[in-house]
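The block underneath contains the structure these notes are about, expressed in structure tokens.
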Amino acid sequence: MSTPAPHRATVLVYSSSEATRARVLSALGTRPDPAIELTFVEASTGREVVAICDEGGIDLAILDGEAAPTGGIGLGRQLKAELDAPPPVLLLVGRRDDAWLATWSRAEGVTAHPIDAVRITHAALELLAPARALAAGH
């Protein structure tokens, strides 16, 4: 019996810090679950994020709330307000106590710095679950 092909998902990772983007990519890897294969698109400016998301094809946007000068918190809110079909947003906040900011930004998920591979993977897979189910025909 053959194993079904994994669902492919495109994840946008935004941070003004190259090191933060690298930590996110390393924590998630391309196969965080046998049923899904991730492709990453990186962005270092808010303008890039808006342009990439406006083109479509992004299954999840991971936005760094600590990025500067454009923080992921306001950027997440902007995507939700301006795009017809914004991707789900996973917000990286500076501290766990800042998780309430995800509500204001309209992000569907939140995790805190420092990046923890288990937490970010769980949060990302939870937000990608609807896309995986849709691709599987459920």
Side-chain angles (χ1 to χ4, degrees):
M1 183 162 173
S2 67
T3 305
H7 170 67
R8 297 178 194 281
T10 302
V11 177
L12 170 64
V13 179
Y14 165 68
S15 180
S16 56
S17 164
E18 185 177 344
T20 297
R21 293 192 311 271
R23 282 192 290 276
V24 170
L25 271 57
S26 176
L28 289 173
T30 58
R31 291 295 294 269
D33 181 271
I36 192 161
E37 184 174 336
L38 302 181
T39 300
F40 296 102
V41 176
E42 294 183 58
S44 61
T45 69
R47 185 170 288 160
E48 288 176 311
V49 170
V50 173
I52 291 166
C53 290
D54 195 35
E55 288 177 19
I58 300 297
D59 297 295
L60 174 64
I62 300 176
L63 307 178
D64 182 7
E66 301 300 300
T70 305
I73 297 166
L75 192 53
R77 187 171 175 91
Q78 179 182 352
L79 293 176
K80 299 300 182 181
E82 294 180 2
L83 299 180
D84 291 331
V89 170
L90 175 58
L91 186 62
L92 301 174
V93 294
R95 308 171 300 139
R96 283 192 200 157
D97 290 346
D98 294 336
W100 67 272
L101 293 167
T103 302
W104 178 85
S105 74
R106 298 171 55 191
E108 288 83 357
V110 64
T111 191
H113 286 282
I115 294 164
D116 176 277
V118 172
R119 284 192 192 114
I120 196 168
T121 299
H122 175 76
L125 289 174
E126 190 172 287
L127 295 177
L128 288 167
R132 286 181 14 225
L134 187 61
H138 295 4

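Computation of the quantities below employed the complete heavy-atom set of this structure, encompassing side-chain atoms and omitting hydrogens, waters and symmetry-equivalent molecules. Keep in mind that what you see is a predicted model, and the values were worked out from it rather than measured. For this chain, numbers begin at 1 and follow the sequence in order.
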(message) So, taking the atom named CG in Asp33 and the one named CG in Leu28, what distance separates them when rounded to the nearest 0.5 Å?
(response) 12.0 Å
(request) Start with the C-alpha gap between Thr70 and Gln78, add the side-chain angles, then the distance that decides, and say whether side-chain contact (heavy atoms from CB on, under 4.5 Å) holds. (result) CA-CA 11 Å; Thr70 305; Gln78 179 182 352; 5.6 Å; no
(message) When you compare the side chain of Leu125 with that of Ile36, does any pair of heavy atoms fall below 4.5 Å?
(response) yes
(request) Would you kindly confirm whether Phe40 and Val49 end up in one hydrophobic cluster when ILVMFWY residues are joined by side chain heavy atoms under 4.5 Å apart? (result) no
(message) If I take atom OG from residue Ser44 and atom CD from residue Glu48, how far apart are they, to the nearest 0.5 angstrom?
(response) 4.0 Å
(request) Write down the atom of Leu91, the atom of Ala107, and the distance for their closest heavy-atom approach. (result) CB-CB, 4.0 Å
(request) Given side-chain contact (heavy atoms from CB on, under 4.5 Å), test Asp116 with Thr121 step by step and report yes or no. (result) CA-CA 8 Å; Asp116 176 277; Thr121 299; over 6 Å; no
(request) Inspect the surroundings of CZ in Arg8 and state if more than 12 heavy atoms from other residues, nucleotides or ligands are less than 6.0 Å away. (result) no
(request) Step by step, work out the side-chain contact (heavy atoms from CB on, under 4.5 Å) result for Val24 and Leu92. (result) CA-CA 10 Å; Val24 170; Leu92 301 174; 3.8 Å; yes
(request) Start with the C-alpha gap between Leu75 and Tyr14, add the side-chain angles, then the distance that decides, and say whether side-chain contact (heavy atoms from CB on, under 4.5 Å) holds. (result) CA-CA 10 Å; Leu75 192 53; Tyr14 165 68; 3.7 Å; yes
(message) To check you understand the geometry: which heavy-atom pair defines the closest contact between Pro6 and Pro34, and what is its length?
(response) CB-O, 3.8 Å
(message) Please find the pair of heavy atoms, one from Ala27 and one from Ala117, that lie closest to each other, and give the distance.
(response) CB-CA, 3.8 Å
(request) Please confirm whether the backbone N or O of Asp98 pairs with a side-chain atom of Arg95, one donor and one acceptor, at under 3.5 Å? (result) no
(request) State the CD-NZ distance between Glu108 and Lys80, to the nearest 0.5 angstrom. (result) 3.0 Å
(request) Report yes if the side chains of Val11 and Asp59 come closer than 4.5 Å at any heavy-atom pair, otherwise no. (result) no
(request) Compare every heavy atom of Thr20 with every heavy atom of Ser15, then report the nearest pair and how far apart it is. (result) OG-CB, 3.5 Å
(message) Using the rule that Ile, Leu, Val, Met, Phe, Trp and Tyr join whenever any side-chain heavy atoms are under 4.5 Å apart, tell me whether Ile58 and Leu127 fall into a single cluster.
(response) no
(request) Hey, could you give me the CZ/NE2 distance between Arg23 and His113, rounded to the nearest 0.5 Å? (result) 7.5 Å
(message) For the backbone of Ala68 and the side chain of Ser16, can you confirm whether one donor and one acceptor N or O come within less than 3.5 Å of each other?
(response) yes
(message) Are Val41 and Leu25 linked, directly or through intermediate hydrophobic residues, by side-chain heavy-atom contacts shorter than 4.5 Å (ILVMFWY only)?
(response) no
(message) Quick one: does any side-chain atom of Glu42 pair with a main-chain N or O of Val13 as donor and acceptor, under 3.5 Å?
(response) no
(message) To the nearest 0.5 Å, what is the distance between CD1 on Ile73 and OG1 on Thr103?
(response) 11.0 Å
(request) Determine, using the 4.5 Å side-chain heavy-atom cutoff (strictly less than), whether Leu60 and Ile120 are members of one ILVMFWY cluster. (result) yes
(request) Measure across Leu12 and Cys53 and return the closest heavy-atom pair with its distance rounded to 0.1 Å. (result) CD2-SG, 3.6 Å
(message) If I compare all heavy atoms of Pro32 with all of Leu38, which pair ends up nearest, and what's the gap?
(response) CG-CD1, 3.7 Å
(message) Would the distance check show the side chain of Arg77 and the main-chain N or O of Trp104 forming a donor-acceptor pair, the cut-off being under 3.5 Å?
(response) yes
(request) Could you grab the distance from atom CG of Leu90 to atom CG of Leu63, nearest 0.5 Å is fine? (result) 8.0 Å
